[in-house]
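Bear in mind the structure is a predicted one, so any value in this text is a computation, not a measurement. Just so it is clear: chains get the letters A, B, ... in the order the sequence lines come, proteins before strands, and each one is counted from 1.
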Amino acid sequence: YVYSRPPPWSDTLPTIFVITPTYSRPVQKAELTRLANTFLHVQNLHWVVVEDSPRRTNLVSNLLEKAGLNFTHLNVETPKSLKLGVTWIPSHTPRGTLQRNLGLHWLRDSFSNTAPPEGVVYFADDDNTYSLELFEEMRYTRRVSVWPVAFVGGLRYESPKVSPAGKVVGWKTVFDPNRPFAIDMAGFAVSIKLILEKPHASFKLEGVKGGYQETSLLKDLVTMDGLEPKAANCTKVLVWHTRTERPTLVNEGKRGFTDPRVEV
Amino acid sequence: NEELWVQSVLEMPKRRDILAIVLIVLPWTLLITVWHQSTIAPLLAVHKDDGGDSQRDLAAGLDSKEYCLSDRDIVEVVRTEYVYTRPPPWSDTLPTIHVVTPTYSRPVQKAELTRLANTLLHVPNLHWILVEDAQRRTPLITRLLRDTGLNYTHLNVETPRNYKLRGDMRDPRIPRGTMQRNLALRWLRETFNKNNSQPGIVYFADDDNTYSLELFEEMRSTRKVSVWPVAFVGGLRYEAPKVNAAGKVYGWKTVFDPHRPFAIDMAGFAVNLRLILQRSQAYFKLRGVKGGYQESSLLRELVTLSDLEPKAANCTKILVWHTRTEKPVLVNEGKKGFTDPNVEI
């Protein structure tokens, strides 16, 4: 017996397409490494990594090759005019939008002439934390499934409100609970079938108010009563919106102390 | 008719013999057929007892298709099966890696331990020693450890809060994690016999760092103390041991106090268990330790600079990152709390 990682592909299990936008910064390799370590446990997972860059970088290419995961490596650069930092504009392109849309585009392109596998699409940012249980919860999504997310909206967690009949009837949030979909990017998954059925559904690029990015996609896919609550009717937290501190590199000085050829 | 009757009486014992033979041979034939089929159907073979609590995934290298035996299939087949189990099956030949992780309760604790466990679950022969900074072992950790399927030991010791040495102007607080790491060292010394031959490596892994899988394989061959670079420490992209052409460590590439006996981060070294057991009084110093000297306080009792074994391609590759997680903003919980406190995060 030879230990295999990831688990062997199964012809009967629905596929989970995970779309991860990523960008270059000191902690990028660390984030992708520990994310890969999690994904390597999930059967039938296909990782779509979309770099915010003009070219696919060696760092990400090599990491993906070495990891052993099933992957697709894409890239699209967010134009400087749209990047965060132009703070006086109240509405802006939230980070990762172009990259997620490219991921959706790739999916639609890949299955334009072939029968798509059964499965789901999940947007997983590279600094969040995912339990293995989460992926099994989302695997059998018929249209759009939802669940709680920790550390968003200034709360321990935000969560859909689920009626005794098991239907989503609202949102347990403090920040703008009346949004059509008051849910974080990490809190839902969409069936491939639905993505292909609605080829024009994408994340809105411009003029999106803070907290409305998810709504900009979901409103074209589903209505609230069509949502499928997971994670024990949305009572368990299986994903955490963690954020990683920026490392202090003050001792590098002006000319740099460490060897720049050593990849970090 | 009489002749026929006598003939049939003479034949009856023969038929009984045949019946007896058939009744004996038939079950053996069936048994052999079924057993032979089972060496072709792969799923049955996966259920080996490996003595650990490994969670078996239903996946095996070959799908459970129908196999039809024909006369031509009676052939000896040696198959390599790619098996995924979580954690990997225990091996009799690999040294055990004892990973010592101090941990304390805060909002991101469960998230940190979850993603750390997801990494550790790939490493064969790993034993996780989780030490809580708490008065009692908490249900959160107890459940988490059990649910991972990892080989683990769950300990706890509470660091006294607000401890102040009278009149001492230096920061008298005990560096975080020290008592917990020391407790793990004591547990190892109480559990393993100096004379027994169970090979092991001890590694101190904080719960917010990031570890590559390659790192664990690098440390497995540690004879005394092995060292390697660590990213995001000392205000640098990484700190690394200085290694000469002969493959010996002769210094430290750091900006902060490179003249420390061991200018290395907690995540940058591993110690052979034998050495821990031999030097049974070697512990991390609790009090009066200058910032950055914690690691030296232990290592100077275990090894000299020239004894260090450089790993990670003679300390040129980064296999571990000293990442830190932001404290989440919980301002909307308000005074009385908005979310259900019974929901564990």
| task | Walk me through it: do A:W240 and B:E112 pass the test side chain to side chain contact (heavy atoms under 4.5 Å, CB included)? | result | CA-CA 10 Å; A:W240 300 259; B:E112 302 282 45; over 6 Å; no

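Between A:T33 and B:W321 the shortest heavy-atom distance is OG1-CH2, 3.8 Å. Residues A:P26 and B:F232 approach most closely at O-CZ, 3.2 Å, considering heavy atoms. Among all heavy-atom pairs drawn from B:T323 and A:A30, the shortest one is CG2-CB, 3.9 Å.
Between A:N251 and the options B:L236, B:T254, B:V233, a side-chain contact (heavy atoms from CB on, under 4.5 Å) holds for only B:L236. Across B:L213, B:N118, B:L121, a single residue satisfies side-chain contact (heavy atoms from CB on, under 4.5 Å) together with A:N37, and that is B:L213.
Remark: A:R243 CZ is loosely packed, at most 12 non-hydrogen atoms of other residues, nucleotides or ligands lying under 6.0 Å away. Atom CZ of B:R106 has more than 12 neighbouring heavy atoms from other residues, nucleotides or ligands inside a 6.0 Å radius. By the neighbour-count criterion of 12 heavy atoms within 6.0 Å, atom CZ of B:R324 is sparsely surrounded, having that number or fewer from other residues, nucleotides or ligands. Under a cut-off of 6.0 angstrom, the local environment of CD in A:E136 is crowded, with over 12 non-hydrogen atoms contributed by other residues, nucleotides or ligands.
Interface summary for chain A: among B:T316, B:I318, B:N342, B:L330, the most heavy-atom pairs under 4.5 angstrom belong to B:L330. Taking chain B as the reference chain and counting heavy-atom pairs below 4.5 Å, the highest number among A:V250, A:V174, A:N128 is found for A:V174. Ranked by heavy-atom pairs under 4.5 Å with chain B, the list A:P247, A:A150, A:S159, A:P6 is led by A:P247. Put simply, of B:E326, B:K110, B:K317, the one with the most heavy-atom pairs under 4.5 Å next to chain A is B:E326.
For B:D340, the parts lying under 4.5 angstrom from a heavy atom of chain A are both the backbone and the side chain. With a threshold of 4.5 angstrom between heavy atoms, A:L40 approaches chain B through its backbone and through its side chain. Contact annotation for B:E214: only side-chain heavy atoms (C-beta onward) come within less than 4.5 Å of a heavy atom of chain A. For chain B, the nearby parts of A:E252 are the backbone and the side chain; heavy atoms of each come within less than 4.5 Å. Looking at A:S131, both its backbone and its side chain come within 4.5 Å of chain B, counting heavy atoms on both sides. Of the two parts of A:D259, the backbone and the side chain both hold a non-hydrogen atom closer than 4.5 Å to a non-hydrogen atom of chain B.
Separating the CD1 atom in B:I345 from the CG atom in A:L238 is a distance of 13.0 Å, to the nearest 0.5 Å.
No donor-acceptor distance shorter than 3.5 angstrom exists from the side chain of A:R156 to the backbone of B:G337, with no hydrogens or angles considered. Judged by distance alone, with hydrogens and angles left aside, the side-chain atoms of B:R237 form a donor-acceptor pair with the main-chain N or O of A:V262 at under 3.5 Å.
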